[in-house]
Amino acid sequence: MPLQFNCLTSAKPDYRIVLATLSALAALGLGAAHYMDANGHFVTGMNNQVVWGIPHVFALGLILAASGALNVASLSSVFGNALYAPLARLSALLAVVLLIGGVLVLVLDLGRPDRLLIALTHYNFKSVFAWNILLYTGFVALALVYLWLLFEPRLAAYTRPAGVLSLLWRFVLTSGSGAIFGFLVARPAYDAAILVPLFIALSLSLGAAAFVLVATALARWHGNYLDARVLAQQGRLLALFVSATLFITAVFHLTNLYAAEHHAVERFILLQGGIYTALFWAQVGIGGVLPLALLFMPRLRARAGSLIIAAALVTLGGFAQLYVIIIGGQAFPLTLFPGKVVSSPFYDGEIASYAPSLPEWLLGLGGVAVALLLLLLTLRVLPFLPPPQPPQPSDAAEQG
């Protein structure tokens with residue numbers, strides 16, 4: 001029997017409130033982008049030392065989450081897990097809208113977004129940024145083709161090859177994002193190939209968390225369409241991905257501590273970095289250890305809402321980690337002359353200061369709002385969601 005799918009038809013007050021809030025945030029984000037474009041980045045918290053601010057944290061977080069959000073569709077089409085088949089459409093759609101939101105923030109934060117056409121027509125293949133332009137557009141194209149195949153039963157035979165190609169492409173995409181920082185040898189906080197697997201693990205955890213939060217919110221408005229076994233497996237996968245992220249993060253910093261040339265930057269990040277140190281340990285504790293406790297400890301796992309709380313904490317921890325990597329890595333001074341103390345009127349050798357401005361926050365939040373707004377509007381007009389299922393008392397414990 002073929003699977004049945006419905007549009008989202010919720011008319012609940014909280015759904016309308018969310019829709020109005022997202023619309024307002026999207027409009028404020030667009031206004032903030034125009035304000036920064038018209039006045040220049042002088043009105044932001046960025047400077048000559050910190051040129052990637054909080055919008056880049058949001059952009060990269062959305063892009064990584066987009067890659068990981070395709071996990072559910074991959075489990076269905078690539079690995080043949082029929083349990084996830086009803087959610088494959090939603091998984092692919094979530095991946096597309098999150099990537100669109102992330103790229104939108106990235107483009108509007110360039111300072112001259114009108115020059116994007118140059119980046120699309122003149123490629124410097126020695127630049128990782130040029131590779132990522134191809135990777136982002138290719139991912140959206142592949143995901144849309146994948147969605148088309150999921151919608152067309154006559155082409156079901158091509159679903160698995162498209163799923164395999166999408167799976168491989170998203171790993172390359174995430175590797176490209178990690179390579180942006182891993183290839184920057186001039187920055188002591190970067191300059192490590194292990195950033196590539198770290199970004200892959202981070203994308204898997206962010207994507208799994210994003211899917212849990214979105215799917216459970218939609219279940220509130222659409223009716224209980226989520227199988228309790230899916231939630232239980234997603235909890236185990238989320239715990240696995242968070243564990244991998246913590247492990248690779250520990251290896252990254254332990255490796256740096258072994259090399260004398262990185263002692264200064266490690267002291268900065270781990271002990272003396274102020275907000276960056278606080279966010280690093282918050283990511284480890286609140287975004288890593290606490291979610292693992294919620295997902296692994298039987299007494300906590302059995303409580304209602306523990307999976308949702310864990311997913312929310314993982315999301316916050318992931319963004320905190322990206323803030324430390326992106327902005328903390330720029331704040332630490334460049335090593336211009338190894339073994340020498342460098343000072344000048346241009347702040348050489350000094351820790352750079354950065355405080356995100358309101359327009360930057362609005363632009364980043366606007367990107368998230370656009371992604372979720374696209375998701376909700378698409379769900380209203382196209383059948384992406386399986387029909388609600390009757391509650392099963394035996395599943396109550398697993399849903400926690």
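The aromatic ring centroids of Trp221 and Tyr15 lie less than 6.0 Å from each other. Note: Phe199 and Phe181 meet the aromatic proximity criterion, with ring centroids under 6.0 Å apart. Outside the 6.0 Å centre-distance limit, the rings of Phe5 and Phe384 are not counted as a close aromatic pair.
Between the side chain of Gln330 and the backbone N or O of Val51, at least one donor-acceptor pair lies under 3.5 Å. Of the possible donor and acceptor atoms, one in the side chain of Ser203 sits under 3.5 Å from a partner among the backbone N and O of Ile200. A donor-acceptor pair under 3.5 Å links the side-chain atoms of Thr245 to the main chain of Ala201, judged by distance alone. Between the side chain of Glu360 and the backbone N or O of Gly45 there is at least one donor-acceptor pair closer than 3.5 Å. Side-chain atoms of Tyr35 do not come within 3.5 Å of backbone N or O of Gly40 as any donor-acceptor pair. Not one N or O on the side chain of Asp191 forms a donor-acceptor pair closer than 3.5 Å with the backbone of Arg187. In this structure, the side chain of Ser175 does not engage the main chain of Pro197 through any donor-acceptor pair within 3.5 Å. Side-chain atoms of Asn47 come within 3.5 Å of backbone atoms of Ser353 as a donor-acceptor pair (strictly under, hydrogens ignored). Panel note: side chain Tyr136, backbone Leu173; no donor-acceptor pair is recorded below 3.5 Å. Remark: the backbone N or O of Pro386 is paired with a side-chain donor or acceptor of His222 at under 3.5 angstrom.
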Kindly determine whether Arg267 and Leu270 satisfy side chain to side chain contact (heavy atoms under 4.5 Å, CB included), including the steps that lead there. CA-CA 5 Å; Arg267 189 182 307 112; Leu270 301 180; over 6 Å; no
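Cluster membership for Val97 and Val145, using ILVMFWY side-chain heavy atoms within less than 4.5 angstrom, is not shared. Following chains of ILVMFWY side-chain contacts shorter than 4.5 Å, one cannot reach Leu149 starting from Leu75, and the two form parts of different hydrophobic clusters. Both Val164 and Tyr84 are assigned to one and the same hydrophobic cluster, defined by single-linkage of ILVMFWY side chains at heavy-atom distances under 4.5 Å. Residues Val103 and Trp52 fall within the same hydrophobic cluster, defined by Ile, Leu, Val, Met, Phe, Trp and Tyr side chains chained together at heavy-atom separations under 4.5 Å.
Residues Tyr146 and Ser77 bring a donor and an acceptor atom of their side chains to less than 3.5 Å of each other.
Classification of the Tyr323-Tyr354 ring pair by plane angle, with boundaries at 30° and 60°, yields tilted.
Heavy atoms from other residues, nucleotides or ligands lying under 6.0 Å from CZ of Arg220 number 12 at most.
Taking the ring centre of Phe151 as origin, the terminal cationic atom of Arg89 falls inside the region bounded by 6.0 Å and 45° from the ring axis.
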